[in-house]
Amino acid sequence: MAAEDRYLSNIARRNRGATASHLSRDLYAATGTRVSRVTVSKRLHETGLFARRPAVCVPHTSTNKRVRLAWCREHRDWSMDQWATVIFTDESRFSLNTDSRRTFIWREPGTRYLPSNVREIDHYGGGGLNPQVRAGIMLDGRTPLHVFERVTVTGVRYRDEILEPCVRLFRVQLALSSF
């Protein structure tokens, strides 16, 4: 039984996305021992592995990483006054459709962000009903969350609905903080 538990633990660590049913079949093929998927889960829990949603990130190209690192190095010695003139904005899309293909991985508690437990994705399924949200942060505040529902965000819409209001808000906050 201990050898089978080690085998299950090893193949679950090698193939983190394997389901308990797959692991049960692999164990049967390797040892001839039949166990249920529930037993596989219990045995993996005993070895410290639990089925959890993987952390998700957007992949960055090597060029993108290099440019970001160079930017950080250029600005590492900035004063608080210099950082007070900066606003960071970001956007995110999400799907309103249910995700029937939820994937789980076998991992130990506290290891969510280890590279082996992170899945890179850069696509959003579900057709045209995928809202976008945009917001920004600055040293002394944040912008309102802006939701674009079921539409394409053109450069003109971005300028009119996001950029100009953000810059106006930023200027007001910058003026207030200098008093």
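Just so we're clear, the structure is a prediction, and the values are computed from it rather than from any experiment.
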Problem - Approximate separation, where rounding is to 0.5 Å, of Leu44 CG and Arg107 CZ - result: 14.0 Å
Practice task
Indicate, with yes or no, if Leu49 and Phe104 share a hydrophobic cluster defined by side-chain heavy-atom contacts under 4.5 Å among Ile, Leu, Val, Met, Phe, Trp and Tyr.
Solution key: no
Exercise for the section: Just say parallel, tilted or perpendicular for the rings of Trp83 and His75, cut-offs at 30° and 60°. Expected result: tilted
Problem - Arg142 side chain to Leu139 backbone, donor-acceptor under 3.5 Å - result: no
Practice task
Flag yes if Phe50 and Val38 sit in one hydrophobic cluster, no otherwise; membership is Ile, Leu, Val, Met, Phe, Trp, Tyr, and two members link when side-chain heavy atoms are under 4.5 Å apart.
Solution key: no
Problem - Trace of the side chain to side chain contact (heavy atoms under 4.5 Å, CB included) decision for Asn117 with Arg16 - result: CA-CA 8 Å; Asn117 297 334; Arg16 294 194 179 267; 3.1 Å; yes
Problem - Side-chain touch Ile105/Arg119, heavy atoms, less than 4.5 angstrom - result: yes
Practice task
Flag yes if Ile137 and Trp78 sit in one hydrophobic cluster, no otherwise; membership is Ile, Leu, Val, Met, Phe, Trp, Tyr, and two members link when side-chain heavy atoms are under 4.5 Å apart.
Solution key: yes
Practice task
Check the pair Thr47 / Leu8 against side chain to side chain contact (heavy atoms under 4.5 Å, CB included), numbers first and verdict last.
Solution key: CA-CA 9 Å; Thr47 66; Leu8 284 173; over 6 Å; no
Exercise for the section: Find out whether Arg112 and Arg52 are in side-chain contact, i.e. whether some heavy atom of one side chain is under 4.5 Å from a heavy atom of the other. Expected result: no
Problem - Any side-chain donor near an acceptor of the partner, Arg14 and Asn10, under 3.5 Å - result: no
Fill in the blank from the handout: The reported gap from CZ in Arg43 to CG in Leu27 (rounded to nearest 0.5 angstrom) is 7.0 Å
Practice task
Calculate, to the nearest 0.5 Å, the distance between atoms OG1 and CE belonging to Thr85 and Met138 respectively.
Solution key: 12.0 Å
Fill in the blank from the handout: Taken to the nearest 0.5 Å, the spacing of Ser24 OG from Arg37 CZ works out to 10.0 Å
